[in-house]
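Scroll down for the structure; my scribbles are underneath it.
We name chains A, B, ... by the order of the sequence lines, and we start the count at 1 in each one. Every value quoted in this text rests on a predicted model; they were computed, and no experiment measured them.
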There are 2 protein chains.
Amino acid sequence: MKLLEAKAEFIQSWGTLGSSWGINRTMSQIHALLMISPNALSTEEIMKELNISRGNANTNIRMLMDWGLVQKQLVPGERREFFYGGKDIWEISKKIIEERSKREIQPILESLKNLKELEEKTVEANTFVKVVSDLEDYTVKVQNILQKFIKSDRTWFFKTLVSFLGK
Amino acid sequence: MKLLEAKAEFIQSWGTLGSSWGINRTMSQIHALLMISPNALSTEEIMKELNISRGNANTNIRMLMDWGLVQKQLVPGERREFFYGGKDIWEISKKIIEERSKREIQPILESLKNLKELEEKTVEANTFVKVVSDLEDYTVKVQNILQKFIKSDRTWFFKTLVSFLGK
DNA sequence: TTAAACTTTCATTAATTACTGAAAGTTTAA
DNA sequence: TTAAACTTTCAGTAATTAATGAAAGTTTAA
């Protein structure tokens, strides 16, 4: 297989995966491109490689930087900026989980908190409060686990967790 | 707070959460509605409650049944079908994880498998193969963990895992 | 300074995804 | 049978989300 094909296919798959998880396709594709590129790329190069407009490239590069998945590299004597992305998939997942849990779990907990003080005492109200409380408990537990994950170390995590789950 | 408000807010939040994770809003909302409803509901009732069309209701109810998150209930002497959803959040997450990993992890592994046999031996090719291989290893590990999770039992999982991670 | 090299913004347009509702299909009971 | 009660489909439309590209903004070096 030729590198060029393989790269294209990889970028394509990564983009699809991203968009089925609520991350826009271009953002995932730029990320994929930077992961597999041995050196940092300029906006121009990214645009050319993925066939996208300047605006699109710029917006999504900035988003990736927001998420901490991509960094600027300033090359001495070069006017334009270069971008590179980490290649360590463990670090990448930790970042993604960190960002998403920050952006999505906290607000949900916030919104669940208030839903339990109901005036009614009907069966329907009870069912409702039960579901909401369970969900809240569960969410807190998941959040704790994710926090631990974010702070954990790769080798330890896999070695220990896998053997642990194997029991 | 009034039950009616609380219900609306819950359905709304659940819908938003779903759509930020690539699950369509109506599907999540129907699911939310059924979770908090003490009895099974007919299509008609779902339509009225969420203000959606017959077609939309029908399609999304079927999707939820596909995912195993909602079941039909046949009431003797009743012509129409009633639907209800499990209220156990642990079971719900297991189902969701099961469906999504089946639909999304397998295809990714499939696609990664072939990308590593490159003709080129350049630096760029090496970087590429390294990233793809790491990603493949990682994905397999994650898949294994998820499989275990799907098969595990709630009490065991939380009690043991949480205390384990606490170390 | 200023003009070239670059980055960012944003109104417009395009692409994608979800929803509607009427019509076709199916089931049941009389 | 058949007709009423219900479910499913699907072409058309609406809503949402993403992408374009020209214009405005910024930085740098001469």
- Task: Rounded to the nearest angstrom, tell me the gap between atom CE in B:M63 and atom C1' in C:dT17.
- Result: 11 Å
- Item | Residue-phosphate contact under 4.0 Å: B:R80 side-chain N/O, D:dA5 OP1/OP2 | no
- Message: In whole Å, I'd like the distance from the CE atom of B:M47 to the P atom of D:dT7.
- Response: 10 Å
- Derivation and outcome, side chain to side chain donor-acceptor pair (under 3.5 Å), residues B:S42 and B:E45: CA-CA 5 Å; B:S42 67; B:E45 291 169 307; 3.2 Å; yes
- Task: For B:N58, report the nucleic acid contact type (base, sugar-phosphate, nothing); a contact means any heavy atom under 4.0 Å.
- Result: base
- How many Å lie between CG on B:L50 and P on C:dT20, as a whole number? 10 Å
- Of A:G55 and A:N24, whose nearest nucleotide on DNA chain D comes first from the 5' end? A:N24
- Item | Closest-nucleotide 5' rank along DNA chain D - winner of A:N51 and A:G77 | A:N51
- Message: Tell me whether A:M47 at atom CE has more than 12 heavy atoms from other residues, nucleotides or ligands lying less than 6.0 Å away.
- Response: yes
- Message: Expressed as a whole number of angstroms, how long is the span from A:R25:CZ to C:dA15:C1'?
- Response: 9 Å
- Item | Earlier contact from the 5' end, DNA chain C, for B:T26 and A:K72 | A:K72
- Of A:R79 and A:M65, the one whose closest DNA chain C nucleotide lies more 5': A:R79
- Does B:V132 belong to the same Ile/Leu/Val/Met/Phe/Trp/Tyr cluster as A:L4, with side-chain heavy atoms less than 4.5 Å apart forming each link? no
- Note on the structure: Per atom distances to the A:I52 side chain, the nearest of C:dG21, D:dT20, D:dC6 is D:dT20
- Side-chain donor or acceptor of B:K95 paired with backbone N/O of B:G68 under 3.5 Å: yes
- If you check the A:T43 side chain, which of C:dC19, D:dA18, C:dT7 turns out closest? C:dT7
- Have a look at B:R62 and say if it touches a base, only the backbone sugar-phosphate, or nothing, with a 4.0 Å heavy-atom cut-off. sugar-phosphate
- Whole-Å gap separating P (D:dC6) and CG (B:L74): 13 Å
- Task: Would you mind reading off the distance between A:E81 atom CD and C:dA5 atom P, rounded to a whole angstrom?
- Result: 17 Å
- Query: Has the side chain of B:K94 got a donor or acceptor atom that lies under 3.5 Å from a matching backbone atom of B:I150?
  - Reply: yes
- Message: Rounded to whole Å, how long is the line connecting atom CD1 of A:I46 with atom C1' of D:dA19?
- Response: 16 Å
- Task: Report yes if the side chains of B:K141 and A:F157 come closer than 4.5 Å at any heavy-atom pair, otherwise no.
- Result: no
- Which part of the nucleic acid, if any, lies within contact of A:R54, taking any heavy atom under 4.0 Å across all strands shown: a base, the sugar-phosphate backbone alone, or nothing? base
- Query: Where the side chain of B:S37 meets the backbone of B:L34, is there a donor-acceptor pair that is under 3.5 Å apart?
  - Reply: no
- Whole angstrom is fine here: how far is it from CD1 in B:I23 over to P in C:dT17? 15 Å
- Message: Considering every strand and a 4.0 Å limit on heavy-atom distances, what is the contact class for B:N56: base, sugar-phosphate, or nothing?
- Response: base
- Message: Suppose we screen for side-chain contact (heavy atoms from CB on, under 4.5 Å). Which residues come up paired with B:K130, at least two apart in sequence or across chains?
- Response: B:D134
- Query: Just the dot-bracket of DNA chain D, please: which string comes out with Watson-Crick or G-U pairs under 3.5 Å, [ ] for crossing, | for another strand?
  - Reply: ||||||||||||||||||||||||||||||
